[in-house]
Structure formats: C-alpha cells, structure tokens
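Here is the naming used below: chain letters follow the sequence lines, and residue numbers restart at 1 for every chain. Just so it is clear, the model here is predicted, and its values are computed rather than measured.
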Amino acid sequence: MAMVPVSLSADPLDQSWYEASARARLDGLVDPGTFEEFIGPEQRVMSPHLPAFDLPRAFDDGIVVGRGRLDGSIVLVAAQEGRFMGGAFGEIHGAKLVGLLRAALVAKPAAVLILFDTGGVRLQEANAGETAIAEIMRAIVEARMAGVPVVGLIGGRAGCYGGGGLIAGTCSRLVVSEVGRISVSGPEVIETNRGAEEFDSRDRALVWRTMGGKHRRLIGGADAFADDTIRAFRDAALDQIGRAPAFDLATLEAEQARLETRLDRFGDARDATEIWGRLGLNDPAAVPGLDTETFDALLVRLPEAPRDAR
Amino acid sequence: MTDWRRQRSARDERIERGRAHAQGKVVAAASVVDLLEAVLLPGDRVCLEGDNQKQADCLARGLSACDPARVHDLHMVQSGVVLPEHLDIFEQGIARRLDYSYSGPQGARIARMLYGGQIALGAVHTYLELFARYFIDLTPNVALIAGVSADRDGNLYTGPNTEDTPTVVEATAFKNGVVIAQVNEIVDTVPRVDIPGDRVDFVVEADRPFYVEPLFTRDPAAVTETQILMAMMAIKGIYAEYGIRRLNHGIGFGTAAIELLLPTFAERLGLKGRIATHWALNPHPSLIPAIESGWVEQIHCFGSEVGMDRYIRERPDVFFTGSDGSLRSNRAFCQTAGLYACDLFIGSTLQIDLQGNSSTVTANRVAGFGGAPNMGSDPHGRRHPSDPWMKAGEEAGGTGDPALRRGRKLVVQLVETFGDKLVPAFVERLDALELARKLDLELAPVMVYADDVTHIVTEEGIANLLLCRTLDEREQAIRGVAGYTDIGRGRDHAMVETLRSRGIIRRPEDLGIDPLDADRSLLAARSIKDLVHWSGGLYEPPAKFRNW
Amino acid sequence: MEKLTFRHTTNRSLAGTKAQAITGVVASGNLEVLMERSLAPDQCTVEIDTAINGYGDVWEAVISDFVARRQPGGLRITINDGGARPDTVTLRLLQGTRLMEAV
Amino acid sequence: MTLAEILHSLFPGGHGVAVTDGLIGGDGPLGTGRLAVVGIDGNTPLGIEGACLLAGRVLDVVRRGGDTPILVAIDSDSQRMSRRDELLGLNEYLAHLAKALLLADASGHPTIGLVYGHTAAGAFIATALATRVLAALPGAHPSVMDLPSVARVTKLPLERLEEMAKSTSVFAPGLDNMVAAGAVHAVLDPARPLGPQIEALIAGSSRKDGRDDLGRSRGGRLVAHDIAARVVRAATGD
C-alpha cells in the first residue's frame with residue numbers, strides 16, 4: 001500500500017500556513033498560550049473609510065498585532081489577513097504596524113515578526129496606506145539600527161505585493177514558502193498595463209517562477225525556504241532571528257554589490273529557468289516540482305549560494 | 001429501375017472533389033477551407049466533433065471560414081457547443097439547425113441566439129441519446145473529428161481522449177458519409193489504431209494540437225467546509241447505508257469532496273472495499289488519493305483529463321489502457337456503463353423544484369446536460385440484481401407482488417441550498433419551463449426528472465424520496481432540507497419532524513456527524529500540489545491550476 | 001450595507017468561562033463573528049453589519065434557530081458579514097459558541 | 001517648475017547636477033557646504049537599473065562622510081511595470097534605494113524630498129517618501145493610482161469616485177491630498193529662491209517621523225497617529 005504523502009495530522013502546527021487565518025498563524029507561531037493582542041477585536045477599531053465605499057469592515061482592519069514568546073523570548077508580532085481586502089494597507093491597518101515597530105525601540109523584543117499577506121495599498125484609503133508604508137519602512141530601519149531584528153514571513157494567499165514587497169525588502173531576514181510570492185506589480189497589473197504578451201497572468205506556472213518562493217530564494221530575495229506548515233515557519237523564524245545582519249553602511253554596500261551583480265549576470269535573462277541554469281542548476285525545469293528537502297539540498301550544493309545581504 | 005447506390009455515388013463524388021486539395025488522404029492545414037467547401041453541400045448534416053473535453057478546433061475554425069454562399073444551412077449534430085466558432089457559423093448562415101447535448105462555456109450566448117431565432121433547435125439531448133440518433137435519424141453526411149496522430153493511410157490514434165470518435169465514425173463511415181480527421185501530426189506508424197484507416201477519408205495536419213478542456217479538475221483548495229459536511233453525510237448516509245460500490249460522480253466540488261474524504265473520513269468508518277470500488281468516471285485528479293490508498297479497483301472513462309496521462313499509464317490495473325500503454329476512453333460505452341452497471345449517480349444542479357425535478361438551465365443560460373440525464377435516470381431495462389439496487393427498490397415499495405418488485409438506481413442530487421450570489425437552489429418552478437414557453441419548445445429542458453431522483457443532500461440534511469408515500473410528503477421532505485431558502489422556510493415544521501422520525505429526513509446529528517468536524521483538515525489533499533505528491537509526481541496539472 | 005439587530009431571551013446561559021472569542025474572516029461569502037460574555041445570563045443580542053441588503057428575514061430565521069439550538073445566554077454577538085450564505089453563518093456561530101464553551 | 005528652473009533657483013552660481021536616462025545625479029553649493037542631488041526627471045518609470053544606480057549614488061555620499069544633505073528631486077512615473085523587473089526582484093531594488101536614503105539620513109545626511117512633477121506607487125515610496133522631510137512644488141501631482149485605475153479595480157463608476165473625492169481626501173490622487181495625509185510636509189514657493197527654503201526645512205526638521213501627527217492636524221489622516229500611539233502604549237506598558 002502506498003504511503004500517505006500528505007499530512008493528515010490535526011496538530012495545529014502541522015496545518016497549512018497558506019490556508020490558516022492570520023490569527024491561526026500567530027497562535028501556532030508563538031509559544032502556546034503566550035499571545036497577547038494589542039487593540040483586539042473587542043475594541044472594534046475599524047476602518048473609518050470603507051463604509052463610504054459600501055464595503056464591510058473587519059474588527060481588526062485585517063491585521064493582528066501583539067506580543068508573544070518564541071521559544072521563551074519575547075517577540076512582537078503582526079499578521080495580515082490576506083482574505084480581508086486582500087490584506088491591503090489602510091489607515092488603521094498600517095498604523096497598527098507602525099505602532100508595533102515603534103514600540104520595538106522601547107520594548108527591545110528579541111525580534112519583530114511580520115507575517116505578510118498583502119496585495120499592497122488599499123485603494124479606498126490609498127494616501128493613508130501609501131504613507132503608512134513609508135512610515136513602516138522608516139520604523140523598520142530604526143528598529144534594526146537599534147539592534148532589533150525584523151523578520152518577514154511570506155506564504156499567504158495574497159502573497160506580498162506592492163508596498164508590501166518594499167517593506168519585505170526592508171526586513172532583516174525573509175522566510176518564504178513555495179506558494180509565497182514577493183513582487184511589486186502583480187501579474188494582473190502588468191498584464192493590464194502592458195498586455196498579455198508581456199505577462200500572461202493566467203499562466204500560473206509563469207507567475208510562480210517569476211515571483212514565487214523558490215525563485216526568490218534562489219536569487220537571494222529571501223533567506224530561508226519553509227514548508228507550507230506553521231511549524232516550518234516557526235522553526236525558520238527562530239533560526240533566522242539569530243542570523244539578522246546589522247543595518248549599517250557595510251550591509252548596504254554588500255547589498256549594493258549583490259544587486260549590481262544580479263543585474264550583470266541575469267539582466268538579459270528572459271525567464272527564471274535561464275537564471276537558475278546560470279546559477280548552476282543542472283535541470284532548471286525540474287525546480288518547481290522539487291520538495292523542500294531536495295530543494296534545500298540543492299541550494300547547499302550550488303556553486304554560489306544565494307547571498308543575503310539586505 | 002431503382003438506383004440503390006445514390007448515397008454511395010454522392011459520397012464518392014464528394015471524396016473525388018476533396019482529393020483535389022489533398023495528397024492522397026493528407027491535407028495541409030492551409031487547405032482546410034478549400035477541402036470543406038469542396039466536400040460539404042448545403043443542408044448537409046454535419047458532426048463537428050467536440051464535447052465537454054476535446055475539440056476538433058482546427059476544423060471548427062476552417063468551417064467558420066467557409067464561404068456562406070457555398071456552404072450554408074448545415075444541420076449540426078454534435079455533442080458539444082463549446083468553441084466560439086460553434087456558434088459563429090450560425091451567425092454567418094453556414095449552419096441553421098442544431099441538435100446537441102452540452103454547451104457549458106457557451107451557455108449564455110446560445111441562450112441569446114435561441115431567443116434571437118438564429119438557431120433552429122432540434123433538441124438538447126443527453127450524450128447517449130444523441131449518439132443513438134446518429135444511427136437512426138440524425139446520421140451525419142460529414143464528420144469532422146480530432147485525433148492525436150494518423151498515418152498516410154488514415155489509421156488514426158486518438159490518444160487518451162478517444163471519447164466520441166468511434167461512435168461518430170461508425171455512424172458516418174458506414175452510412176455513406178465522409179470522415180475528415182484533424183491530427184496533431186502525421187506519422188509513419190501510429191502508436192495504436194483507434195480508428196482503422198478505411199473509415200477515414202481525409203487527414204488534416206492541424207496548425208496546433210487540438211484543444212482539451214480540463215473540465216474535471218477541481219482544485220481541492222476551493223473545497224469549502226459546507227461541501228465537506230455534505231460529503232460526510234453522503235458517505236455515511238448513502239454510500240455506507242446502501243453499500244455503493246459501482247458508481248458515477250458529477251464534476252462539482254461536492255463530489256470532489258467525497259473523493260477526497262475516502263482515504264480519511266470513510267477510511268476511519270471502515271468502509272474501504274465496501275464502497276466506491278468500481279467507477280464510470282473520467283480520470284478525476286481528486287480521486288488520486290483514493291486510488292493510491294487502494295480504494296479503487298477499476299475505472300472506465302468517458303474521456304481523459306489534461307495532465308493525467310502519465311499517471312494513468314502507470315496505473316494500468318485501475319484504468320483501461322491500450323497496447324501502447326495510454327488510456328482508452330469511450331464516451332458511448334462509458335455512458336452505457338453509467339446507465340446499466342452503476343448503482344448510484346450523484347451530481348449537482350442549479351435548480352430543484354418542489355417535486356424534485358432539476359435543471360441547470362436558467363433564464364439566461366442553456367448549458368445543456370451532457371451525460372447527467374442518462375446517468376441520473378433509472379434504467380428500466382436493467383435485469384441484474386445488486387444489494388444497493390434491491391434495497392432501493394424495496395424502499396420505493398409500491399403495490400403488487402413483492403416477488404415482481406424490481407430494484408431502483410440511486411440518483412442523488414448534492415446541492416447547497418444557496419448558490420453563488422445567494423441564488424437559491426430550491427425554487428417553486430424551474431426556469432427551464434419559462435424558457436420552454438418563450439422558445440415554444442415541446443419539451444422543457446429538465447435534467448433529472450422527479451421520478452428518477454431518489455435522494456437530495458444539502459448542508460441541512462438528506463431527504464430520502466424513495467420513502468415518501470404521497471406527493472405532500474415528498475414536497476415536505478424537499479422543503480425540509482431546503483435550508484433558509486423561501487422553499488425551506490415555507491416548510492410545515494411538524495410534518496418535517498414527523499418525516500425525520502421516519503428517517504425520510506436525516507440531519508447531520510441523526511447520522512452522528514458534528515458539523516463542526518467538517519474541517520478542511522479532513523481532505524486527503526488540500527491543494528493541486530498535494531495531488532501531485534500523492535501521484536508520486538506522475539500527475540502534471542495544467543499551468544492554470546498551479547501555484548508553484 | 002445594512003445593519004440588523006436581534007435580541008433574544010434564552011432559557012439558560014452558555015456554558016464555559018471564556019470571556020471572548022472571534023471566528024471567521026470578512027471576505028466575499030464569509031463573515032467574522034465576535035462573541036463577548038457581557039450580558040445578563042438570559043440575554044443574547046446579535047448585531048450584524050452586512051454587505052448585502054434585503055436578507056433581514058433570512059438573518060432573523062438563522063439567528064432564531066441558532067439561539068433555540070444553543071441557548072447562548074449572556075452573549076453579545078457582533079457580526080461583520082461579507083455576504084455569507086446562511087449555512088456559513090450557522091457554522092461560524094457554532095464555531096464561536098464552541099470556543100466560548102472552552103474552560 | 002522644470003528641473004532646470006529648480007536647479008537654477010537652488011544653485012544660482014552653477015552646479016554639477018546632470019540628468020542621464022531620466023536619472024538625476026550631482027551636487028551644488030548650499031550655504032556653507034554642498035547639497036547632493038539625486039532623483040528622477042521626466043516622468044520616468046523607476047526600474048531595477050535606475051534604483052540600483054540611485055542607491056549607489058546615495059551610498060557614495062554616506063561613504064564620503066560629512067554632513068552633506070541629500071535632495072531627492074522627483075518627477076517620475078510609478079515603478080516600471082514589467083515581467084523582467086519583477087523577475088529580477090524589483091522589490092529588493094526599490095527597498096534598497098529607500099534603505100540607502102534612510103541610512104544616509106541616520107548617518108548625518110539629512111534627506112529632503114522634492115516632488116516637482118508626477119510620482120506614484122512604488123517609485124514614490126522608494127524615493128521621495130523615504131526622506132526625512134518631503135517638500136513639493138505647486139503643480140506637482142503625486143498619487144498612488146489614478147482615479148480611472150481605481151475605478152477599474154474597485155469596480156465603482158468613475159463619476160462616483162470623482163464625487164467622493166471632493167469630500168474625502170484619503171483615496172484621491174493629488175498634491176493637496178498628500179499634504180493632508182501628512183506625507184508631504186511643505187509646499188515651497190516657486191517665486192522665492194529655493195535654497196533658503198530648503199535650508200529652513202532642514203533646520204526645522206527632526207529625525208522623528210511625525211507624518212501621522214501632521215496627517216491628524218491637517219485632517220487627512222485622522223486616526224493613524226492615535227492608533228500607532230495606542231499600540232506603542234500597549235506594547236511598552238505605559
């Protein structure tokens with residue numbers, strides 16, 4: 001009889017990160033019973049703007065922020081709910097994350113963890129969302145300079161798009177799963193603006209090999225690759241906190257070199273598989289089908305490991 | 001003196017005219033229009049092959065490019081109205097009459113054209129019925145079919161998607177018709193001969209491979225808790241109760257949920273080997289976990305499914321495969337199997353009325369029914385017993401000598417009380433009746449008639465219509481599972497409770513099911529990727545279903 | 001958007017001691033339900049903000065059945081609805097009470 | 001004002017600022033020191049090469065040390081929308097540019113944004129919005145997304161959005177609305193020399209991010225400041 005290749009476990013830690021709600025991800029991520037929410041749903045702090053658009057609101061405006069313990073250490077955490085308004089940044093949504101990051105300067109947690117799940121700016125509150133993203137990036141940099149690692153976890157339904165992609169690029173370390181996507185313009189937006197010849201958004205294999213977790217990990221756009229389980233993200237987050245680089249000139253110069261090298265080496269590539277081939281993968285076409293274990297093993301064997309200065 | 005060979009001579013003349021555009025039997029893609037204009041005559045009955053899966057799309061494009069002055073008033077007799085060209089030809093005057101079976105993606109446009117009088121409609125058939133008429137009164141003059149490859153003698157390899165081809169060719173080639181096949185490539189030797197060359201008059205090397213719709217792929221990621229609850233009820237309250245081993249599933253998410261619960265929920269109930277072992281079914285990717293877990297003994301298929309070919313090749317104990325190793329499907333045989341050799345059909349619908357008649361035709365959409373009216377009917381010609389069939393017959397009761405009582409096929413409607421946009425599935429009167437009135441149809445397009453349906457499963461419970469003894473009981477049994485629709489809220493509460501005490505209505509709790517247990521963690525696969533893992537990498541889903 | 005409020009008197013209070021629970025997400029066809037144990041033990045209120053207008057009588061029936069079935073005395077229930085179907089509403093309400101019944 | 005007019009007003013005595021492929025770089029004298037200038041001209045979309053080049057220039061200033069302020073002059077399109085840019089990690093390039101500006105500011109090089117034309121979406125965040133203090137010139141039109149595109153995404157009629165835009169500033173494009181949100185600190189007077197205005201802005205600026213406070217006092221972002229403050233209080237136990 002065939003073995004069962006898919007987890008049928010009911011343990012919350014074995015549940016799919018992609019499928020879990022923002023609250024379920026946080027509950028499983030931190031040590032059991034340690035999560036404490038700031039401005040919880042009972043406070044009903046909801047968007048003042050959505051009613052004008054005849055849209056329903058959420059008690060938490062699509063983001064849960066709070067404090068918990070990770071393997072005993074105190075961490076500040078934020079989780080976006082990708083199913084509410086695509087996890088987009090509105091005024092309150094953004095301000096909750098701004099506040100959390102500013103608090104890190106005082107509270108000095110072991111890390112701030114951001115569980116991204118966002119399409120970017122909430123258009124109904126565009127100016128507030130856009131400005132909040134700028135505030136968040138500034139606050140992340142300040143937290144990092146104060147020695148607090150900011151780790152982003154990406155594997156939700158909405159991916160990490162628009163301003164969310166820029167915030168992710170500001171974090172100390174990023175963990176991504178296969179289904180995770182990191183990008184600025186989404187496939188539909190590019191297709192709308194430039195046509196299906198530029199980007200056929202319905203070709204999902206193309207979407208994932210252009211923006212998906214494996215590609216981001218391979219080119220150094222993310223620092224760790226996790227299975228799509230809450231446990232895997234928890235383990236990866238724990239591991240990455242200790243590896244966070246300082247935020248200083250040396251780090252940014254290294255990132256400058258990393259990004260310039262990428263342009264030189266891959267600037268003329270038409271497709272991700274070309275890049276993977278040049279990275280030294282023998283069978284680039286097989287990459288999307290690899291399981292995590294094989295993929296991680298392959299990363300280790302690469303002639304040049306993806307560099308992570310950020 | 002009577003000429004008994006007029007049709008034969010006419011056929012020979014058509015072929016002769018066509019040969020001018022061919023080298024032997026082989027025709028270049030660029031010459032398709034010339035070929036069709038040479039072979040076709042005004043008023044011809046034409047079968048343009050296409051169903052809910054594969055399409056003779058190169059020939060469809062060619063037909064729609066014909067000069068309506070030369071080719072016009074065709075009578076199309078085909079399974080599927082699926083491609084835009086299938087309807088373009090009616091707008092252009094190339095075709096006039098239509099007898100068909102399925103029109104899923106063109107449902108809205110075909111409705112507009114019917115209302116607009118651009119199509120003279122014969123009937124909306126079930127597949128097997130249309131096939132039957134190919135041999136009696138709708139025999140094609142010309143058949144335009146699709147295959148994977150052919151040799152220069154016309155020997156045809158249809159590949160895993162054989163589907164309607166043998167039936168269409170049988171009716172056309174042996175009754176003085178002309179058979180034109182499009183193939184993806186001309187080869188020296190075909191991998192296996194699905195259609196012998198002497199039945200194929202022309203072979204067109206198509207400009208691109210024929211289109212196949214992955215209609216039977218349901219992404220487990222989209223299965224909802226409600227669908228899981230309904231699947232749990234169906235398994236426990238019907239499959240286990242009657243011991244259903246031979247069956248057919250529709251294509252909805254509800255039946256996909258059942259397939260995904262077999263190795264988990266049903267396994268825990270100890271049902272392995274006792275239910276769901278023999279299938280008339282397309283190769284549903286969502287059945288992979290059950291197959292891999294040893295649930296399934298064999299499956300005969302109407303057609304194939306995109307991405308399943310390698311998997312099927314590696315599981316010849318389960319699927320019907322040819323000497324070349326690839327799937328052999330056959331819609332006519334599989335529909336026959338679904339009719340006579342299965343004890344249960346379970347599928348979904350868009351509307352059910354108070355008696356249990358159902359239809360997927362709504363005011364704006366005429367989707368056709370494909371195989372559902374066939375599989376969802378009680379075969380009165382059946383003469384072999386089986387436990388589920390006999391048990392259902394017993395429940396249906398009836399007067400007269402019990403020794404002369406026959407069995408009943410179980411025909412189950414699996415419907416959520418509200419569909420998309422909160423449209424209720426339960427209605428006083430089917431939209432199909434209004435459509436029939438407006439179009440002046442003699443027969444309303446009903447998918448499954450009330451006297452064929454035996455059970456209705458909704459998220460609220462199961463109604464066993466076999467046990468109803470009066471029309472009033474039947475109506476209240478339906479209202480009793482119709483949830484919060486107007487029909488459901490219009491129930492006689494006392495009578496519904498009486499029906500429940502008689503086991504005619506069964507709620508989840510009556511079946512020992514807690515709705516809160518209906519969780520996605522019960523699904524053996526929660527994503528297409530999980531299905532790929534279950535298949536050991538053999539299932540290769542099309543790009544639109546991937547998120548990796 | 002439409003606002004609906006229902007008040008019910010119950011035979012008993014809901015078991016358990018949990019002060020608050022939230023379940024579900026505001027999305028198309030989905031809803032979030034916030035439950036707070038803040039009323040008198042024989043009272044239950046349900047306030048709904050729904051994206052789809054004109055289903056007041058369906059809501060009334062769904063909520064009445066739920067109250068009759070679960071007797072959620074003491075609960076203030078607040079719902080943000082993205083156009084969920086009645087079965088989804090019932091499921092979320094049952095999920096919520098199960099969470100509240102936890103010790 | 002055009003870039004040439006701006007540079008002339010800033011550096012009446014001449015400067016070493018040049019534009020290549022829409023990317024601005026160079027410096028000129030300001031007060032007793034110098035002012036470094038980077039930026040984007042001509043409504044140019046910001047892609048991976050542009051972001052990389054601009055970030056390199058900013059890091060050059062930091063590496064040289066001192067306290068040279070950096071002016072980020074912007075008349076850009078949005079981020080460049082292409083498959084290639086995303087394939088190569090546009091989010092990293094844009095974030096890197098923003099980080100370079102934030103590092104410069106934290107390292108003693110006050111950063112001043114100056115929007116004198118268009119800018120939008122990711123290009124806006126990576127450049128002008130990553131500065132300590134953001135100024136604009138009359139006629140500038142920063143946005144997140146233009147209203148027709150908003151109409152397409154939100155599936156609301158354009159006329160209704162235009163009507164709503166009159167009473168609520170939070171979603172509508174344009175300079176006034178960005179000022180109200182606190183994103184743009186000040187609108188400069190083009191009739192007066194820009195140099196002293198920039199110097200005054202620097203002198204009056206703080207490294208503390210006060211944009212949400214501005215948004216509250218100007219009425220364009222009424223709740224953000226209080227929400228952030230509430231989270232800080234909850235997290236720090238004040």
Where do Leu103(D) and Val141(A) land on the side chain to side chain contact (heavy atoms under 4.5 Å, CB included) test, with the steps shown first? CA-CA 8 Å; Leu103(D) 176 77; Val141(A) 162; over 6 Å; no

Closest heavy-atom pair, Ala106(D) versus Met145(A), reported as atoms and distance to 0.1 Å, is CB-CE, 3.4 Å

One option among Gly94(A), Ala107(A), Gly169(A) has the most heavy-atom pairs under 4.5 Å with chain D, and it is Gly169(A)

Original post:
With a 4.5 Å limit on heavy-atom distance, are the side chains of Lys96(A) and Arg230(D) in contact?
Top reply: no

If one checks every heavy atom of Gln43(A) against chain D at 4.5 Å, the contacting part turns out to be side chain

Between Glu86(D) and Thr210(A), a side-chain donor and acceptor under 3.5 Å: no

Item to complete: State plainly whether the residues Asp271(A) and Arg83(D) are in salt-bridge range, i.e. N to O under 4.0 Å.
Response: yes

Looking at Asp268(A), I want to see if its CG is surrounded by more than 12 non-hydrogen atoms of other residues, nucleotides or ligands under 6.0 Å. yes

Sorted by chain and residue number, the side-chain hydrogen bond (donor to acceptor under 3.5 Å, both in side chains) partners of Thr118(A) (sequence neighbours excluded) come out as none

Mind checking whether Leu263(A) and Tyr93(D) have side chains closer than 4.5 Å, heavy atoms only?
yes

Honestly, the part of Arg152(D) sitting under 4.5 Å from a heavy atom of chain A is side chain

Report task. Could you verify whether a donor N or O on one side chain and an acceptor N or O on the other, from Thr154(D) and Gln124(A), lie under 3.5 Å apart? Result -> no

Applying a strict 4.5 Å limit to non-hydrogen atoms, the region of Glu188(A) in contact with chain D is neither

Whatever's closer than 4.5 Å to a heavy atom in chain A on Leu101(D) counts as neither

* For the pair Arg310(A) and His96(D), evaluate side chain to side chain contact (heavy atoms under 4.5 Å, CB included) and give the outcome as yes or no after the intermediate values. => CA-CA 8 Å; Arg310(A) 65 183 74 254; His96(D) 177 64; over 6 Å; no

- Just do the side chain to side chain contact (heavy atoms under 4.5 Å, CB included) check on Leu88(D) and Ile219(A) with the steps written out, would you? CA-CA 8 Å; Leu88(D) 292 170; Ile219(A) 64 169; 5.8 Å; no

Honestly, the part of Leu101(A) sitting under 4.5 Å from a heavy atom of chain D is neither

CZ (Arg233(D)) and CD1 (Ile39(A)) are apart, to the nearest 0.5 Å, by 8.5 Å

Partner of Val184(A) under side chain to side chain contact (heavy atoms under 4.5 Å, CB included), picked from Leu94(D), Leu46(D), Asp85(D), Ile125(D), is Leu94(D)

Ranked by heavy-atom pairs below 4.5 Å to chain A, first place among Ala181(D), Cys52(D), Ala126(D) goes to Cys52(D)

Whatever's closer than 4.5 Å to a heavy atom in chain A on Ala183(D) counts as both

In terms of heavy-atom contacts, Ala103(A) and Ala235(D) come closest through CB-CB, 3.4 Å

Taken to the nearest 0.5 Å, the spacing of Ser78(D) OG from Asn193(A) CG works out to 7.0 Å

Can you tell me if Asn127(A) uses its side chain to pair, donor with acceptor, with the backbone of Ala172(D) under 3.5 Å?
yes

Residue pairs meeting ring pair (Phe, Tyr, Trp, His ring centres under 6.0 Å), one or both in residues 131-177 of chain D, sequence neighbours left out, come to Phe53(A)-Phe171(D), His118(D)-His141(D)

Do Glu135(A) side-chain atoms and Asp209(D) backbone N/O form a donor-acceptor pair below 3.5 Å?
no

Okay, Ser167(D) and chain A: the region with an atom under 4.5 Å from a heavy atom over there is neither

If one checks every heavy atom of Met137(A) against chain D at 4.5 Å, the contacting part turns out to be both

Counting heavy-atom pairs under 4.5 Å with chain D, the top scorer among Arg270(A), Glu253(A), Glu142(A), Glu260(A) is Glu253(A)

Cut-off 4.5 Å, heavy atoms of chain A, and the answer for Arg63(D) is both

Separation between NZ (Lys108(A)) and OG1 (Thr236(D)), nearest 0.5 Å, reads 13.0 Å

Greatest number of non-hydrogen atom pairs under 4.5 angstrom with chain A, of Ala51(D), Gly56(D), Ala104(D), falls to Gly56(D)

Chain A shares the most heavy-atom pairs under 4.5 Å, among Asp212(D), Thr168(D), Leu53(D), Val62(D), with Asp212(D)

Greatest number of non-hydrogen atom pairs under 4.5 angstrom with chain D, of Ala134(A), Gly162(A), Gly66(A), falls to Ala134(A)

Applying a strict 4.5 Å limit to non-hydrogen atoms, the region of Leu87(D) in contact with chain A is both

So, the part of Arg67(A) with a heavy atom under 4.5 Å from chain D: the answer is side chain

request  = For residues Pro48(A) and Val223(D), determine if any side-chain heavy atom of one lies less than 4.5 Å from a side-chain heavy atom of the other.
outcome  = yes

Interface check, chain A: of Val150(D), Leu156(D), Val170(D), Leu161(D), most non-hydrogen pairs under 4.5 Å belong to Val170(D)

Are any of the side-chain heavy atoms of Arg144(A) and Lys99(D) separated by less than 4.5 Å? yes

Counting N and O atoms only, with roles assigned by atom type, does the side chain of Arg194(A) sit under 3.5 Å from a partner on the main chain of Met81(D), one being a donor and the other an acceptor?
yes

- Task: Keeping the roles fixed (side chain from Arg84(D), backbone from Gly267(A)), state whether a donor-acceptor pair exists under 3.5 Å.
- Result: yes

(Q) Main chain of Val144(D), side chain of Glu130(A): is a donor-acceptor contact present, judged purely on distance under 3.5 Å? (A) no

Output for pair (Leu166(A) CG, Asn91(D) CG), nearest 0.5 Å, gives 6.5 Å

Applying a strict 4.5 Å limit to non-hydrogen atoms, the region of Leu206(A) in contact with chain D is side chain

Please lay out, stage by stage, how Arg138(A) and Asp105(D) fare under the test side chain to side chain contact (heavy atoms under 4.5 Å, CB included).
-> CA-CA 10 Å; Arg138(A) 193 169 190 97; Asp105(D) 194 53; 2.5 Å; yes

Note: Glu92(D) and Gly221(A) closest approach over all heavy atoms is OE2-CA, 3.2 Å

